[in-house]
S.K.: 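Take a look at the following structure, please.
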There are 2 protein chains.
Amino acid sequence: MANFEQGCAWAEGEYIPVGEAKISLFDWGFLHSDATYDVAHVWQGRFFRLADHIARFEASMAGLRMSIEQDRAAIETILTECVRKSGLRDAYVEMICTRGLPAPGSRDPRTCRNRFFAFAIPFIWIADLEQQNVGLHLAISERQRIPPEALDPRIKNYHWLDMVMAQYDAYEEGADNVILVDARGNLVEGPGFNVFALRDGTISTPARGMLEGVTRRTAIELAERVHYVVVERDIPIEQARDADEIFITSTAGGIMPVTRLDGRPVGNGLPGDATMQLRGAYWDLHRDPAYSNGIDY
Amino acid sequence: MANFEQGCAWAEGEYIPVGEAKISLFDWGFLHSDATYDVAHVWQGRFFRLADHIARFEASMAGLRMSIEQDRAAIETILTECVRKSGLRDAYVEMICTRGLPAPGSRDPRTCRNRFFAFAIPFIWIADLEQQNVGLHLAISERQRIPPEALDPRIKNYHWLDMVMAQYDAYEEGADNVILVDARGNLVEGPGFNVFALRDGTISTPARGMLEGVTRRTAIELAERVHYVVVERDIPIEQARDADEIFITSTAGGIMPVTRLDGRPVGNGLPGDATMQLRGAYWDLHRDPAYSNGIDY
């Protein structure tokens, strides 16, 4: 029997251990990064906002003119089965569509059959619980995030080299992670996360250039529920430096406090009250049937 | 015995038929397009400017802070062996370095062991000989190429979604392929090729934002040898429309004439004299030992 201890993947119609999950070297999903994906998570045996992730995945595929034979229900079944087979109670669950392989000798993407992959692996944290208790130290990079004029960031994509190179720069400054900017010096996003800044009771988050994260949306909903004013707008670097609180949001960790920016403390240098209130509310939501659904292991 | 008729790949220390060449679904080369590559070609049993391609590949790896155990000589041996095993006299030969897999649960690229892949497959033409006799019909896209402020284009990379989406738009206009622009409306490059425009005896090619192609460099060298003035400078869209001749350059096809731009003829609508002269000189160079080296099949 297959060993799914490290996680379970689905490829070409089969459930396989993650160590065996491979993609053709010639799939344009690799050779041209011509692919889209989405990541949902399972917490304590329940999917969180799975329908929202699958809906965004379908919108991303449509945006790239891709289609697969699996409909929404079939995708959900495959993802659920990956989690069930792995037995994981806390999981990081990814769905992927690649362009596929072109006809021999062709460079025309229209000759490709698009391909679907999925996997469930143990939950991944952008910042582990210990880091979250202290708060993250982020650097603001001078490097620009790939702009919407080149690639619509709402289509979730693997074009991450700008972020990876910015990460290396941040490590050299002693930071844990990095935020990239746009051409006008406004914050955009970091590798796999959105950014929020609170100042004088108003919470701001970038309005453009970034992925419209499901955790970002959840944070906005939760903040409005407890009567914060939330504004989607440009955040210039200097305003970020003046923030009372900063937090980041990601499926890979939820709502996480940032307590240092380029080596300087954010506010009083401790995880902020609003941040911690929203973080608690975020994890509470994982038991709410309106936001989550249980897996029958 | 393995069947290398469709080509030969090298992965994890083994030569394998291309149909079996795969990469882990979890390699960041795929999941973050965190990879670099280079493509050389073999024509009539001889590598063309292989040392230049390997040197650029090494510069790209250094730029991404990657390293592999293979030195220049070992890379050359592997590429040559891929061609020899395939028996191909005309081949498209790619070398790839991926970030690899991070430590379990980590998102830190420094925990990855970088990986090397290579393959030789039958030669690929951006435009086949029939298309080259007529000349290509290119569209100029409104979509911007990913800018250097996000990602240094001299590091050859798989971030192609901007180009793929521009290609789809071009197909709808009835064009064969597409040229992308920068934020100021200057031509940059197309999917896998550089662009040149000739006007009043002067040849211009973009100076920034694009890959510094080996075929581009060869075209510049050849043009200067026959006393054309070659200028690396911005080419605004309207100047491209006024060109007497336009051609593109790529390892996948050499120097290829463009005879229509957005449905309108370039010059007199026929492949240009300078273009055809340079194309001939380009293919002649493939027998020159200063530019090519024979493979001992």
Side-chain angles (χ1 to χ4, degrees), chain A residues 6 9 11 18-19 21-35 37 63-65 94 96 99 104-110 117 119 121-126 143-147 149-152 155 157-165 167-168 171 177 180 183 191-192 252, chain B residues 6 9 11 18-19 21-35 37 63-65 94 96 99 104-110 117 119 121-126 143-147 149-152 155 157-165 167-168 171 177 180 183 191-192 252:
Chain A
Q6 305 304 312
V18 290
K22 295 185 175 179
I23 175 174
S24 167
L25 201 62
F26 297 91
D27 190 315
W28 279 1
F30 171 55
L31 287 185
H32 292 167
S33 195
D34 190 354
Y37 74 111
L64 296 182
R65 307 198 195 196
E94 186 153 334
I96 301 167
R99 186 71 63 191
S106 172
R107 289 169 71 109
D108 185 337
R110 294 171 300 180
F117 299 87
F119 61 80
I121 56 175
F123 190 79
I124 293 172
W125 297 94
I126 284 186
R143 191 179 284 266
Q144 290 174 23
R145 180 67 178 125
I146 294 170
E149 292 77 14
L151 180 56
D152 183 347
I155 297 174
N157 64 74
Y158 290 136
H159 286 34
W160 271 47
L161 270 179
D162 50 346
M163 299 206 279
V164 174
M165 296 321 294
Q167 258 179 316
Y168 272 100
Y171 294 146
N177 219 317
L180 285 81
Chain B
Q6 304 305 311
V18 290
K22 295 186 174 178
I23 176 175
S24 167
L25 200 63
F26 297 91
D27 191 314
W28 278 1
F30 171 56
L31 287 186
H32 292 167
S33 195
D34 190 354
Y37 74 112
L64 296 182
R65 308 197 192 196
E94 186 155 335
I96 301 168
R99 186 71 64 190
S106 173
R107 290 168 72 108
D108 184 338
R110 296 171 298 179
F117 300 87
F119 62 80
I121 56 173
F123 190 81
I124 293 171
W125 296 94
I126 283 186
R143 190 180 288 264
Q144 291 173 22
R145 180 66 178 124
I146 294 170
E149 292 77 13
L151 180 55
D152 183 348
I155 296 174
N157 64 75
Y158 290 134
H159 286 34
W160 271 47
L161 269 178
D162 50 347
M163 300 210 275
V164 173
M165 297 320 293
Q167 260 180 315
Y168 272 99
Y171 293 147
N177 220 316
L180 284 81

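Just so we're on the same page: letters track the sequence lines, and every chain starts at 1. From a predicted model like this one, the values you see are computed outputs, not experimental measurements.
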S.K.: Checking the side chain of His159(A) only, and the main-chain atoms of Trp160(B) only, is there a donor and an acceptor separated by less than 3.5 Å?
M.R.: yes

S.K.: Using non-hydrogen atoms only, which part of Phe30(A) is less than 4.5 Å away from chain B: side chain, backbone, both, or neither?
M.R.: both

S.K.: So Tyr171(A) and Asp108(B), do their side chains get closer than 4.5 Å, heavy atoms only?
M.R.: yes

S.K.: If I measure from the heavy atoms of chain B, does Arg110(A) come under 4.5 Å with its side chain, its backbone, both, or neither?
M.R.: both

S.K.: Given the options Asp162(B), Ile23(B), Ile124(B), which has more heavy-atom pairs under 4.5 Å with chain A than any of the others?
M.R.: Ile23(B)

S.K.: Do you know which of Gly29(A), Ala35(A), Ser33(A), Gly192(A) has the most heavy-atom pairs with chain B at a distance under 4.5 angstrom?
M.R.: Ser33(A)

S.K.: Give, as side chain, backbone, both or neither, the part of Glu94(A) having an atom under 4.5 angstrom from any heavy atom of chain B.
M.R.: side chain

S.K.: Based on non-hydrogen pairs under 4.5 Å, which of Ile96(A), Asn157(A), Leu180(A) is most in contact with chain B?
M.R.: Ile96(A)

S.K.: Give me the atom names and distance for the closest heavy-atom approach of Gln167(A) to Arg107(B).
M.R.: NE2-O, 3.6 Å

S.K.: Rounded to the nearest 0.5 Å, how far does CG of Asp34(A) lie from CE of Met165(B)?
M.R.: 8.0 Å

S.K.: How close do Arg143(A) and Glu149(B) get, counting heavy atoms only, and between which atoms?
M.R.: CG-O, 3.5 Å

S.K.: Tell me, for Pro109(A) versus chain B, whether the close heavy atoms (under 4.5 Å) come from the side chain, the backbone, both or neither.
M.R.: both

S.K.: What option among Trp125(B), Tyr37(B), Phe119(B) has the most heavy-atom pairs under 4.5 Å with chain A?
M.R.: Phe119(B)

S.K.: Using heavy-atom distances under 4.5 Å, tell me whether Ala183(A) contacts chain B through its side chain, its backbone, both, or neither.
M.R.: neither

S.K.: Starting from the C-alpha separation in whole Å, work towards a yes-or-no answer on side-chain contact (heavy atoms from CB on, under 4.5 Å) for Val164(B) and Trp28(A).
M.R.: CA-CA 10 Å; Val164(B) 173; Trp28(A) 279 1; 5.7 Å; no

S.K.: With a 4.5 angstrom heavy-atom cut-off, could you sort out which part of Ile121(B) is near chain A: side chain, backbone, both or neither?
M.R.: side chain

S.K.: Any side-chain heavy atom of Leu161(B) sitting closer than 4.5 Å to one from Leu64(A)?
M.R.: yes

S.K.: Select one option (side chain, backbone, both, neither) describing which atoms of Arg145(B) are under 4.5 Å from chain A's heavy atoms.
M.R.: backbone

S.K.: Between Pro191(B), Gly63(B), Ala150(B), which residue shows the highest count of heavy-atom pairs closer than 4.5 Å to chain A?
M.R.: Ala150(B)

